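Everything below concerns the one structure shown next.
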Amino acid sequence: MRIKLHPAAAALAALTMTVTAGAADISFTESNRTIYGYFNIEGSFKGDTYGFAEINTNNLQEPTLLYDFPSHGMNPMYAGAGVDGVLYGACYIWNGSMSPTIPGDLIAYNITTGRMTTIGPWSAGNEFLKPQDMTYDYTTNTMYAMAFDGNGSKLMTVNLETGEFENPLPIKAALSFATLAASPAGELYAIGVDGVLYKISKASGTISSVFNTGLTGYNFTQSMEFDPTSGNIYWAANVTDYDPNQVLLMEINMQDPSNPSIKNLGQFGNGAVFGSLYIQGATSYDAPAVVAGLTANNEAGKPNVKLTWTNPSTTFGNGQLNSLNGIVVFRDGEVVTTLTDAKPGQEMTYTDANVSNGEHRYDIMALGTGGESMKATVFAYIGQDSPASVTNVNIQGTDAYSAAVLTWDPVTTGLHGGDFNSESVKYSVYRRPDNKLVAENITATTITDNSFVRTLQYYYDIVALNDIGTAPATSSAPLILGKPFTVPFDETFDQENETLNRWMITDANNDYNTWVFNTTAGSVFFGDYETALEYIVSPLMDDLNEDADEWIVSGPIAFEAGKEYEMQLTVRAISDETLEVAFGTSEKPSELNVIQTLNIAPYEYVEGDLSARPTYIGVSLPTEGIEVGNIGLHLTTPVASLPYSFLQIIAINVYEKGKGGIEGAEIDTPIVLTRMVAGNFEVAGEFDKIEFYNIGGLKIGESKQSITDLNSYASGIYLAVVHTANGPVTVKFVK
């Protein structure tokens with residue numbers, strides 16, 4: 001969420017880039033190193049995109065995305081670290097801003113092959129565990145994690161075979177830690193919330209102070225690692241001493257451990273949240289550079305792998321390399337041979353014979369008087385291959401979205417580039433989030449699914465497989481599928497994950513600024529908290545240069561023939577907003593027809609009100625001849641119209657004409673409509689009494705008034721049971 005500036009929120013203007021007294025030198029240093037990590041947020045990645053990326057320390061503003069985590073998978077990452085060109089990460093499951101996160105799987109992304117692998121759950125028994133950072137100790141071949149579960153920070157080991165976090169060792173300190181890094185000598189270091197760099201004992205969990213960075217507090221995900229070449233520490237810092245929308249690459253000079261120093265190398269990306277830092281390097285700047293042009297070729301039907309490469313002619317530090325002590329060839333982490341007749345700049349080959357079937361990793365390392373080079377890596381596959389992943393997945397809702405038709409292209413290549421028989425491929429299709437297997441081992445490249453028990457936002461994973469193995473799944477786009485919703489249809493946005501099962505959200509201009517849910521900005525601008533769908537623009541968002549183009553489209557809604565229907569929007573704004581109302585028979589915005597354009601004016605303060613009253617807007621829906629339809633709302637406010645924007649859609653109510661609406665409705669039947677205004681619970685319609693319950697079901701009050709003062713109630717979620725002539729009506733509301 002990005003908060004916008006507004007006269008009512010002038011206090012937010014304090015969020016400027018400042019450095020506290022005694023903090024680090026902020027001059028820029030050119031180091032020209034490639035580093036890797038995980039962006040949970042990055043403004044230059046357009047759309048709802050996040051994932052693993054690489055970035056050069058000379059150009060920290062322009063990361064390159066390597067692997068995009070699927071947005072509808074809702075699987076961002078707490079922490080991670082790299083090992084020999086493989087990035088590991090502890091993912092969690094995001095169920096919406098109103099629900100706690102749930103531990104997910106440990107995953108592995110191979111930088112060389114670009115393949116993602118799911119290893120397994122990292123915390124099956126402790127849902128409160130949250131990893132802060134991870135690091136790999138090459139001296140003991142152990143992955144460590146710094147984690148927190150409400151009872152302090154813990155040092156844990158990570159099982160890279162099962163994914164499980166094991167052997168929790170409480171840190172003996174009354175503070176929490178944001179980072180963790182292993183030195184080339186295998187010593188563990190961490191930075192605490194107090195900004196101090198500490199050394200941590202692997203055996204006891206005791207700490208010793210090393211250096212005060214002067215940068216206290218931390219905001220979001222961050223990470224640090226030792227540079228294996230210089231022995232210094234790189235720290236992707238996101239601390240309260242700086243603007244929270246900035247992540248800075250800090251370098252801690254550890255050449256003299258008794259007198260460290262710190263330097264700011266610049267800002268990561270654009271409004272980024274960055275973690276899982278990983279950096280590769282030689283053992284020294286005088287060691288050989290990495291070999292170039294490494295390839296692996298195997299002759300079809302033969303168990304031989306021919307490796308080809310060019311030896312380095314410079315050192316890792318870009319100096320002249322006069323000689324080589326040898327070239328080491330590794331297969332699957334084990335030394336195959338050492339070639340001692342190597343010369344700088346020489347083209348070389350090596351054939352590895354009688355290799356077993358399957359995929360093999362080859363590493364080439366150059367040896368020199370200055371030490372060992374980085375490893376160059378390539379993969380080779382011997383024998384029949386498993387299929388590559390499915391491509392070109394298309395999903396289409398049919399029969400008023402009561403069914404889905406999926407199609408995809410047939411797989412014709414192997415996953416690892418080995419020998420492949422396309423006629424052996426079969427496909428299995430899994431429906432998410434209910435994890436239903438809807439097709440198994442089929443040869444067709446299309447299916448139709450109409451086996452929905454609940455109406456939800458679904459997507460599908462399509463998996464290709466043969467007798468050799470299974471490819472990583474390819475996901476379809478999401479759709480709301482199932483039985484149409486009935487009228488009255490009410491949306492109050494009190495649970496984000498439930499709202500997403502009724503509405504499709506589209507950031508049509510891919511400007512990375514779209515609808516958000518239930519922020520605290522309403523309490524700043526309007527004086528109260530409402531669950532709402534919100535759109536925010538701030539003067540601080542200087543990269544935002546496109547007009548709003550944000551859609552929310554309902555799932556299928558059933559309408560009865562011969563009846564007229566209306567929709568009422570409950571909205572409020574601090575700025576002039578333009579909102580188009582569209583209608584049709586599709587969840588795709590481009591296939592809906594605009595039926596009305598709404599110009600929403602800023603709220604006007606009413607004397608005596610403790611909060612801003614919302615505006616109620618009624619719109620007639622052209623449902624004639626349409627049995628099942630979809631409603632779309634399209635925000636189109638020009639970005640140049642105001643330097644700030646804050647719009648809340650508090651409720652969307654669809655009802656039969658004459659039987660709904662809270663403003664100006666003629667109520668001649670026991671229809672009950674409710675709202676919260678300035679701490680008052682208001683009821684329109686005929687009723688006998690109202691009973692109030694807390695969310696646990698305990699009755700806490702009763703009223704017979706159409707306006708009931710609830711300002712004495714604590715903030716939270718409540719239930720109101722309104723007793724009418726037609727029976728009780730239960731309403732959930734937020735105070």
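Position 1 is the first residue of the sequence, and the numbers go up from there. All values derive from a computational prediction rather than experimental measurement.
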With Y78, which of F148, Y92, Y38, Y88 fulfils ring pair (Phe, Tyr, Trp, His ring centres under 6.0 Å)?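 With Y78 as partner, ring pair (Phe, Tyr, Trp, His ring centres under 6.0 Å) holds for just one option, Y92.
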
So, do [X] and [Y] have ring centers that fall under 6.0 Å from each other?
X    : Y    : result
F226 : Y189 : yes
Y109 : F52  : yes
Y350 : W309 : no

Test: K202 and D137 ion pair at under 4.0 Å: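 D137 and K202: salt-bridged.
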
Quick test of your reading of the model: are D149 and K154 salt-bridged, counting only N-O distances below 4.0 Å?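 Counted as a salt bridge, because a side-chain N and a carboxylate O are separated by less than 4.0 Å.
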
Any donor-acceptor pair under 3.5 Å from [X] side chain to [Y] backbone:
X    : Y    : answer
D332 : R361 : yes
S276 : G80  : yes
S153 : F177 : yes

Could you tell me the separation between the CE atom of M143 and the CE atom of M134, rounded to the nearest 0.5 Å?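 Here the rounded value is 4.5 Å.
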
Find out whether the Lys NZ or Arg CZ of R432 is both under 6.0 angstrom from the six-membered ring centre of Y459 and within 45° of the ring's axis.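 Not satisfied by the 6.0 Å and 45° rule.
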
E372: which residues meet the salt bridge (Lys or Arg N to Asp or Glu O under 4.0 Å) condition with it, sequence neighbours left out?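 E372 satisfies salt bridge (Lys or Arg N to Asp or Glu O under 4.0 Å) with no other residue.
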
For F274 and F268, take the angle between the two ring planes, folded into 0 to 90°, and tell me which bin it lands in: parallel under 30, tilted 30 to 60, perpendicular over 60.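 Parallel, since the angle between the ring planes stays under 30°.
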
Between the side chains of S451 and R431, does any donor sit under 3.5 Å from an acceptor?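 Result is yes, a qualifying pair exists.
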
Residues Y460 and D449: side-chain donor-acceptor under 3.5 angstrom: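 Short answer, yes.
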
Could you tell me which residues satisfy side chain to side chain donor-acceptor pair (under 3.5 Å) with Q255, sequence neighbours excluded, listed by chain and number?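 Here the qualifying residues are N232.
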
Among V390, L406, T407, whose side chain to side chain contact (heavy atoms under 4.5 Å, CB included) with S476 holds?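 Testing each of V390, L406, T407 against S476, the sole residue satisfying side chain to side chain contact (heavy atoms under 4.5 Å, CB included) is L406.
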
Tell me which one of L197, I262, N253, L277 satisfies side chain to side chain contact (heavy atoms under 4.5 Å, CB included) with I233.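 Going through the options one by one, the only one that passes is L197.
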
Tell me which one of E251, Q222, E225 satisfies side-chain hydrogen bond (donor to acceptor under 3.5 Å, both in side chains) with W235.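 Among the candidates, only Q222 passes.
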
Check against side-chain hydrogen bond (donor to acceptor under 3.5 Å, both in side chains), T351 and N304: CA-CA 7 Å; T351 298; N304 302 331; over 6 Å; no

Write out all pairs satisfying ring pair (Phe, Tyr, Trp, His ring centres under 6.0 Å) with one or both partners inside residues 371-391, taking only residues at least two apart or from two chains.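 Only Y381-H416 qualify under ring pair (Phe, Tyr, Trp, His ring centres under 6.0 Å).
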
